[in-house]
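Keep in mind that what you see is a predicted model, and the values were worked out from it rather than measured. Every heavy atom of this structure was used, including side-chain atoms; hydrogens, water molecules and symmetry mates were not.
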Amino acid sequence: MKAKITYTLAAIFMSSYAIAQTDFKPEDTEFYSPKPPIVSISSGVPSDAIALFNGSNLDQWESSDEKGGPASWTIENDVLIVKAGAGGIQTKQKFEDFQLHVEWKSPEVIKGEGQGRGNSGIFLQGLYEIQVLDNNNNPTYVNGQAGSLYKQRPPLVEVHPEQNTWHSYDIIYKAPRFNKDGMLISKGNVTLLHNGVLVQNNTQIEGTTEYIGLPKLNAHGAGPISLQDHGNPVSFKNIWIRPL
């Protein structure tokens, strides 16, 4: 009897919906405000983006060492190059949700194998690493190759641009949320395009990037974009971000 009543109510609803649809005019479901902001594009960069590195200086960056201080990486021919032994660098400004664009290139001469080949990383909020690595003829663990959410999720596909060319990462990031008591409300997630190819599709981030052991869920707010010094002279250029 209950099933019959439920079915009858559903039929009445659908019938009413169909009748209501016939009463609509096209303009009844059209709206003209508020209008989306206008974003223009110049040389591939959105007008509302913040330039984090445009080739001229490191004004937006500082050392990611606990003691802080100025960023001391090298700039040559408008390109930012990891200075081995100098430590990582991070943005002075902190972010939550964002769209991030980074271009990177492996060293001209690559030594070593596995994780020793052109290794660096891009840390979202300083905590969650998108791996930078030379993948060409380089067997390593799949959740540690370029395009991976390091030690958590391998890329959907392994992208191989031509050798000695620039890679591009376009990253859409939604930060995790915690309540006022530090309890997790929702985990973060990331979408990544490697040279225009989707390699992470709304991937859930399980927690902090850990070299040994499992990810940790530490309550936090906004955080910087960090670039890793792994001892390899990886190059970066054209870094910009759009807070969302």
Just to verify, what does [X] make a salt bridge (Lys or Arg N to Asp or Glu O under 4.0 Å) with, not counting sequence neighbours?
X	value
Lys216	Glu210
Glu206	Lys187
Lys105	Glu108
Asp170	none

Under the side chain to side chain donor-acceptor pair (under 3.5 Å) test, residues paired with Asn195 that sit two or more places apart: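 Partners of Asn195 under the side chain to side chain donor-acceptor pair (under 3.5 Å) test: none.
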
Residues two or more places apart in sequence or in another chain: which of them pass side chain to side chain donor-acceptor pair (under 3.5 Å) with Gln90?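 Glu62.
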
Closer than 3.5 angstrom, by distance alone: can the side chain of [X] be matched with the main-chain N or O of [Y] as a donor-acceptor pair?
X	Y	value
Asn119	Leu133	no
Gln125	Gly221	yes
Thr208	Pro215	no
Ser148	Arg153	no
Gln200	Gly147	yes

On the ring face of Trp166, is Lys237 found with NZ or CZ under 6.0 Å from the centre and within 45° of the axis?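 Pair Lys237/Trp166 counts as cation-pi.
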
Would a hydrophobic clustering, with Ile, Leu, Val, Met, Phe, Trp and Tyr connected at side-chain separations under 4.5 Å, put [X] with [Y]?
X	Y	value
Phe53	Ile50	yes
Ile225	Tyr150	no
Leu244	Ile239	no
Val142	Val199	no

When you look at NZ of Lys92, are more than 12 heavy atoms from neighbouring residues, nucleotides or ligands closer to it than 6.0 Å?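 Yes.
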
Testing Ile89, Val234, Thr91, Val132 for side chain to side chain contact (heavy atoms under 4.5 Å, CB included) with Leu227, which one passes?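 Output: one option passes, namely Ile89.
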
Once rounded to the nearest 0.5 Å, what's the spacing between atom [atom1] of [X] and atom [atom2] of [Y]?
X	Y	atom1	atom2	result
Leu52	Leu100	CG	CG	7.0 Å
Leu198	Asn202	CG	CG	10.0 Å
Phe123	Ser64	CZ	OG	9.0 Å
Ser120	His230	OG	NE2	9.0 Å
Leu184	Asp181	CG	CG	13.0 Å

Donor-acceptor list for residues 28-41 side chains, cut-off 3.5 Å, not counting sequence neighbours:
{"residue": "Asp28", "atom": "OD2", "partner": "Lys25", "partner atom": "N", "Å": "2.8"}
{"residue": "Thr29", "atom": "OG1", "partner": "Pro26", "partner atom": "O", "Å": "3.3"}
{"residue": "Ser40", "atom": "OG", "partner": "Ser47", "partner atom": "OG", "Å": "3.4"}

Under the rule for side chain to side chain contact (heavy atoms under 4.5 Å, CB included), what residues qualify as partners of Ile185, not counting sequence neighbours?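 Applying side chain to side chain contact (heavy atoms under 4.5 Å, CB included) to Ile185 gives Arg177, Asn179.
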
Would you mind writing out the side-chain donor-acceptor pairs for residues 154-161 within the sub-3.5 Å range, not counting sequence neighbours?
{"residue": "Glu158", "atom": "OE1", "partner": "Gln145", "partner atom": "NE2", "Å": "3.3"}
{"residue": "Glu158", "atom": "OE2", "partner": "His160", "partner atom": "NE2", "Å": "2.6"}
{"residue": "His160", "atom": "ND1", "partner": "Asn136", "partner atom": "OD1", "Å": "3.2"}

Between Asn189 and Gln204, is any side-chain donor less than 3.5 angstrom from a side-chain acceptor?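 There is no such pair between these side chains.
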
Flag the pair Val190 / Ile171 as yes when at least one side-chain heavy-atom distance between them is below 4.5 Å, and no otherwise.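 A side-chain contact exists here, since the closest heavy-atom pair is under 4.5 Å.
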
Which pairs, with at least one residue in residues 81-104 and sequence neighbours excluded, count as a ring-ring contact (aromatic ring centres under 6.0 Å, His included)?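 Residue pairs with at least one partner in residues 81-104: Phe98-Tyr173, His101-Trp240, Trp104-His167, Trp104-Tyr169.
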
List for me each residue that meets ring-ring contact (aromatic ring centres under 6.0 Å, His included) alongside Phe178, sequence neighbours excluded, and say none if there are none.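 By the ring-ring contact (aromatic ring centres under 6.0 Å, His included) rule, Phe178 matches His220.
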
Contacts under 3.5 angstrom, residues 65-82 side chains, donor-acceptor by atom type, not counting sequence neighbours:
{"residue": "Asp65", "atom": "OD1", "partner": "Lys67", "partner atom": "N", "Å": "2.8"}
{"residue": "Trp73", "atom": "NE1", "partner": "Gly87", "partner atom": "O", "Å": "2.8"}

